[in-house]
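When a ligand or atom number is given, it counts from 1 through the structure's own listing order.
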Amino acid sequence: MNLRIGHGYDIHRLVEGRPLILGGVTIDHSLGLDGHSDADVLVHTVMDALLGALALGDIGHYFPPDDPRWRGANSLVLLQQVAAMVRERGWRVVNVDTVLVAERPRLRPHVAAMAVNMATRLGISPDRVGVKATTNEKLGPEGREEGISCSAVALLVHDPDRRHGP
Ligand code: MG
């Protein structure tokens with residue numbers, strides 16, 4: 001079997017006094033996501049999908065929230081580290097797909113930039129990174145604007161010859 005699929009899910013609270021950073025894009029909004037790192041819920045789900053595909057655990061294992069090293073961390077840098085782990089094990093990312101769930105602000109104008117940011121860190125072309133944004137029809141915590149959630153899937157192919165390059 002030379003293919004693996006992984007799934008990731010995450011949610012962060014929306015609070016005052018924090019920047020809203022999704023896929024490495026800082027979006028102008030009155031609220032931002034709370035968290036130990038930059039709380040980039042989109043990038044976190046992609047990391048968990050990649051780790052899950054290889055049954056390597058979750059991001060909390062590699063970047064524990066009580067570790068001061070990851071305080072305010074740029075999640076894209078952590079994504080690059082996870083991508084390196086995948087590559088070192090002889091696997092290559094075929095594609096990633098994600099769904100962001102946020103009532104506000106409108107995210108669609110930013111999704112292309114988010115895809116480019118993550119594709120760059122993954123060493124793949126942006127047309128292999130899907131970023132979709134939906135509202136929750138005012139239902140649940142996302143609908144009440146208490147938080148933003150995200151889910152992701154990632155497909156990997158075994159490609160040991162490219163272990164040392166992107
Ligand atoms: Mg998270």
Side-chain angles (χ1 to χ4, degrees), residues 4-86 93 95-108 110-124 128-136 139-156:
R4 297 279 179 86
I5 190 167
H7 176 224
Y9 169 81
D10 197 14
I11 187 167
H12 281 255
R13 288 179 189 276
L14 279 166
V15 295
E16 291 180 357
R18 293 267 303 181
L20 178 59
I21 300 170
L22 294 169
V25 178
T26 302
I27 297 164
D28 192 29
H29 191 49
S30 55
L31 303 171
L33 294 177
D34 198 17
H36 183 66
S37 67
D38 62 5
D40 192 327
V41 68
L42 171 59
V43 175
H44 291 182
T45 60
V46 171
M47 287 193 278
D48 263 351
L50 295 171
L51 292 169
L54 298 181
L56 292 173
D58 58 41
I59 58 171
H61 176 74
Y62 298 94
F63 312 108
D66 54 359
D67 187 330
R69 273 184 300 170
W70 315 123
R71 188 179 180 82
N74 177 349
S75 293
L76 285 174
V77 173
L78 309 185
L79 176 64
Q80 193 164 359
Q81 292 181 33
V82 170
M85 289 170 54
V86 167
V93 180
N95 75 308
V96 169
D97 190 25
T98 63
V99 183
L100 273 163
V101 183
E103 207 64 32
R104 277 193 325 133
R106 257 175 62 79
L107 299 179
R108 194 163 303 159
H110 306 287
V111 298
M114 296 175 194
V116 167
N117 285 344
M118 293 192 289
T120 301
R121 302 295 180 150
L122 292 169
I124 59 178
R128 292 173 181 264
V129 179
V131 181
K132 306 184 299 300
T134 185
T135 72
N136 221 30
L139 295 166
E142 299 96 327
R144 292 189 296 268
E145 300 181 41
E146 296 168 0
I148 291 176
S149 70
C150 191
S151 60
V153 289
L155 185 68
L156 307 184

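Annotation: protein N, O or S atoms under 2.8 Å of the Mg ion (ligand 1) (waters excluded) comprise D10 OD2, H12 NE2, H44 ND1.
Under the 3.5 Å distance criterion, the side-chain polar atoms of T98 are matched with a main-chain donor or acceptor of G130.
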Could you give the side-chain donor-acceptor pairs of residues 53-65 under 3.5 Å, partners two or more places apart or in another chain?
from : atom 1 : to  : atom 2 : distance (Å)
D58  : OD1    : G60 : N      : 3.0
D58  : OD1    : H61 : N      : 3.2
Y62  : OH     : L56 : O      : 2.6

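Around CZ of R18, the count of heavy atoms belonging to other residues, nucleotides or ligands within 6.0 Å exceeds 12. Counting non-hydrogen atoms of neighbouring residues, nucleotides and ligands closer than 6.0 angstrom, the CZ atom of R144 exceeds 12 such neighbours.
For the residue pair D38 and S75, a side-chain donor N or O sits within less than 3.5 Å of a side-chain acceptor on the partner.
By the 4.5 Å heavy-atom criterion applied to side chains, L78 and D40 are not counted as neighbours.
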